[in-house]
Participant: 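Below you'll find the structure I mean.
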Protein chains: 2
Amino acid sequence: MQLPENKQLKENKKNLIIEAASKVFAEKGFSGASIADIAAYAGIGKGTTYEYFDSKEDLFFAVFEWHVEQSSQAATVNITALGGPASDRLSAMNESLMNYFVDKMDIFSLVMEFWAASASSKSREHYKQAFKDTYREFRGIVSSLIQDGIERGEFRSDVDVAAISAGIVGTWDAMFLQGWFDESFDIADTGKKCMAIFLKGLSIK
Amino acid sequence: MQLPENKQLKENKKNLIIEAASKVFAEKGFSGASIADIAAYAGIGKGTTYEYFDSKEDLFFAVFEWHVEQSSQAATVNITALGGPASDRLSAMNESLMNYFVDKMDIFSLVMEFWAASASSKSREHYKQAFKDTYREFRGIVSSLIQDGIERGEFRSDVDVAAISAGIVGTWDAMFLQGWFDESFDIADTGKKCMAIFLKGLSIK
DNA sequence: ACTTTTCGACTGACCGGTCGGTCAAAATAT
DNA sequence: ATATTTTGACCGACCGGTCAGTCGAAAAGT
């Protein structure tokens with residue numbers, strides 16, 4: 001089979017470019033990074049980039065999707081299988097996401113570039129929609145866990161599940177934002193304590 | 001007195017430019033906005049802009065400081081005077097900030113541009129420092145309120161005040177982020193409910 | 001041989017920042 | 001009161017540099 005092999009190669013090079021672009025965009029921002037920079041970093045010619053992506057915007061969006069995919073995996077890994085108390089699973093999810101991002105704090109600058117793209121890029125609506133879906137997905141996962149906890153009699157049933165889910169998901173953004181600006185801010189520790197407060201508020205007593 | 005009147009005029013025009021720049025930057029982002037755009041929007045010549053600001057970067061930073069000032073006022077107004085229960089004052093602060101931003105949701109795109117500037121602008125350290133200070137200020141205000149509540153016997157004393165403050169302050173960012181992407185997300189309502197959870201977690205019982 | 005992929009020189013649009021000229025009003029002289 | 005000079009805010013044409021995207025030629029693959 002040649003075609004798949006061909007496709008495979010294509011796909012590999014595409015990923016190579018995306019990873020290079022990810023680094024360079026993270027370093028210099030969307031506007032600050034030039035296609036020439038990215039191509040040089042990837043060790044290819046400038047023109048080659050355009051064999052795989054139609055435009056700079058297009059490449060940037062591909063980088064975006066790639067990272068959405070990655071973090072979505074970090075969120076769900078180790079959680080879905082596990083069948084213990086809901087509070088344990090929420091804590092596990094919390095820890096998994098914290099660790100994922102603390103490890104790659106350097107790419108958090110990209111997240112801010114993506115947010116900005118949702119506000120003023122040419123394809124802002126495209127980014128907005130993708131973020132909207134992603135946040136919904138994350139809130140959905142948390143909601144299910146909370147709902148499960150309620151049904152097990154672990155959590156109070158008079159809480160607004162959607163609101164708390166938004167709060168918990170939001171706390172992740174919040175921790176990274178504050179950690180980004182302040183090196184002395186302990187992201188993982190503060191995140192854990194915030195989760196504890198949420199769990200205390202949810203607890204049946 | 002001639003000099004102050006002169007200064008006054010200067011100051012007025014500076015503000016005029018800042019406000020125009022604020023609109024245009026919010027609309028098109030830092031890179032997308034041209035000085036020509038901004039000058040046209042302000043109804044002045046391009047060259048005039050440079051009588052008041054050294055560079056585009058400089059102007060953008062002025063816009064940033066202007067908004068930091070504004071939101072800082074929105075945070076503290078109605079709170080410092082009031083002497084009721086700490087939980088009431090926290091709720092008041094929550095509501096004041098929510099209302100301030102919900103009213104001017106359109107400028108939230110600027111916030112994201114500022115965040116991005118802290119990551120990849122030429123003067124990223126400048127922005128980072130300013131954000132660090134601002135977040136510390138906000139966390140400080142919340143901390144004092146919580147501390148006060150603990151001393152009044154309103155709140156439990158075995159909580160990590162700094163962590164909860166970070167959580168509460170972070171929730172504001174979080175609500176606006178999620179509201180930004182999703183029109184059907186009720187920022188004010190969800191914010192209120194999250195604050196309620198935090199207060200429940202803090203409550204002496 | 002010929003097809004596919006890679007490449008980087010080139011182009012044209014764009015834009016930040018400069019600068020010499022203009023003009024109205026303030027200061028000064030008569 | 002009127003004429004003359006000085007000032008500096010204001011302007012936009014212009015310059016120099018940058019960079020996304022193109023394209024034809026060279027290299028690699030088959």
Side-chain angles (χ1 to χ4, degrees), chain A residues 1-25 27-64 113 117 120-123 126, chain B residues 1-25 27-64 113 117 120-123 126:
Chain A
M1 281 213 263
Q2 276 93 353
L3 204 60
E5 193 185 308
N6 209 332
K7 277 254 171 87
Q8 186 63 30
L9 278 168
K10 269 270 183 192
E11 215 48 43
N12 281 347
K13 188 155 263 182
K14 210 167 176 176
N15 273 338
L16 170 77
I17 297 173
I18 286 177
E19 276 171 64
S22 178
K23 289 272 190 203
V24 180
F25 281 135
E27 180 83 24
K28 308 194 176 190
F30 176 76
S31 293
S34 72
I35 295 289
D37 284 339
I38 293 166
Y41 193 93
I44 60 169
K46 184 181 164 186
T48 308
T49 313
Y50 286 91
E51 298 289 329
Y52 297 87
F53 300 94
D54 289 343
S55 66
K56 194 185 177 185
E57 284 273 352
D58 193 40
L59 171 55
F60 191 60
F61 195 77
V63 173
F64 171 61
E113 288 289 328
S120 50
S121 125
K122 217 170 297 173
S123 34
H126 210 165
Chain B
M1 277 213 264
Q2 280 90 353
L3 203 62
E5 194 185 307
N6 208 331
K7 276 255 173 85
Q8 186 65 30
L9 278 167
K10 269 271 188 193
E11 216 49 43
N12 281 346
K13 186 152 267 180
K14 210 166 174 178
N15 273 338
L16 169 77
I17 297 173
I18 287 176
E19 276 171 62
S22 178
K23 289 272 191 202
V24 180
F25 281 135
E27 180 82 26
K28 307 193 178 190
F30 176 75
S31 294
S34 73
I35 294 289
D37 284 340
I38 294 166
Y41 193 93
I44 62 170
K46 183 181 166 186
T48 308
T49 313
Y50 286 92
E51 299 285 335
Y52 296 87
F53 300 94
D54 289 343
S55 65
K56 192 184 180 186
E57 285 271 352
D58 194 39
L59 171 56
F60 191 60
F61 195 76
V63 173
F64 170 61
E113 287 289 328
S120 50
S121 127
K122 217 172 297 175
S123 34
H126 211 167

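Residue numbers start from 1 in every chain, and the chains themselves are labelled A, B, ... in the order their sequence lines are given, proteins ahead of strands.
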Participant: At what angle, to 10 degrees, do the two end axes of the helix from C:dA1-D:dT30 to C:dT30-D:dA1 meet, given five pairs define each axis?
Facilitator: 10°

Participant: Side chain of A:Tyr52: nearest nucleotide among C:dT6, D:dA20, D:dC11?
Facilitator: C:dT6

Participant: Does B:Ser34 have a side-chain nitrogen or oxygen under 4.0 Å from the phosphate oxygens OP1 or OP2 of C:dC15?
Facilitator: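 Looking at the OP1 and OP2 atoms of C:dC15, neither is under 4.0 Å from any side-chain N or O of B:Ser34.
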
Participant: Enter the distance from A:Asn15:CG to A:Ser22:OG here, rounded to the nearest 0.5 Å.
Facilitator: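 Going from the CG atom of A:Asn15 to the OG atom of A:Ser22 covers 11.0 Å.
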
Participant: What's the separation between atom CG in B:Leu16 and atom OH in B:Tyr52, rounded to the nearest 0.5 Å?
Facilitator: 9.0 Å

Participant: Whole angstroms only, please: what is the CD1-P distance between B:Ile17 and C:dG17?
Facilitator: 14 Å

Participant: Measure the distance from CD1 on A:Ile35 to C1' on C:dA9 and round it to the nearest whole Å.
Facilitator: 17 Å

Participant: Without decimals, in angstroms, what is the distance between B:Glu51 CD and D:dT7 P?
Facilitator: 16 Å

Participant: Is there a side-chain contact between A:Phe25 and A:Ile38, using heavy atoms and a 4.5 Å cut-off?
Facilitator: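 Contact flag for A:Phe25/A:Ile38 side chains = yes.
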
Participant: Round to the nearest Å and state the distance from A:Phe53 atom CZ to D:dA20 atom C1'.
Facilitator: 16 Å

Participant: OP1 or OP2 of D:dG12 sitting under 4.0 Å from any side-chain N/O of B:Lys46?
Facilitator: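 Negative; the distance criterion is not met.
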
Participant: Heavy atoms only, 4.0 Å cut-off, all strands: where does B:Ala40 land among base, sugar-phosphate and nothing?
Facilitator: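 The answer is nothing, as B:Ala40 stays clear of every strand by at least 4.0 Å.
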
Participant: Rounded to whole Å, please give me the gap between CD1 in B:Ile38 and C1' in D:dG12.
Facilitator: 17 Å

Participant: I need the NZ-C1' distance between A:Lys13 and C:dT4, as an integer number of Å.
Facilitator: 12 Å

Participant: Please identify which of these residues, A:Phe64, A:Phe53, A:Phe60, meets the side-chain contact (heavy atoms from CB on, under 4.5 Å) condition with A:Ile18.
Facilitator: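 Of all the options given, the one that passes is A:Phe53.
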
Participant: Quick check: does any side chain N or O of B:Asp37 sit under 3.5 Å from a backbone N or O of B:Ala33, one acting as donor and the other as acceptor?
Facilitator: no

Participant: Using whole Å, report how far CG of A:Asn12 lies from C1' of C:dT6.
Facilitator: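 Interatomic distance, CG of A:Asn12 to C1' of C:dT6: 17 Å.
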
Participant: Looking at B:Thr48, I'd like to know whether one of its side-chain N or O atoms comes within less than 4.0 Å of OP1 or OP2 on D:dA9.
Facilitator: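 It does not, given that no N or O in the side chain of B:Thr48 lies less than 4.0 Å from OP1 or OP2 of D:dA9.
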
Participant: Between C:dC7, D:dG21, C:dG17, which nucleotide has the shortest distance from any of its atoms to the side chain of A:Ile44?
Facilitator: C:dC7

Participant: More than 12 heavy atoms of other residues, nucleotides or ligands under 6.0 Å from OH of A:Tyr41: yes or no?
Facilitator: no

Participant: Starting at NZ of B:Lys14 and ending at C1' of D:dA9, how long is that distance when rounded to a whole Å?
Facilitator: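 Distance, rounded to whole Å: 15 Å.
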
Participant: Any sub-3.5 Å donor-acceptor pair from B:Lys56's side-chain atoms to B:Phe30's backbone N or O?
Facilitator: yes

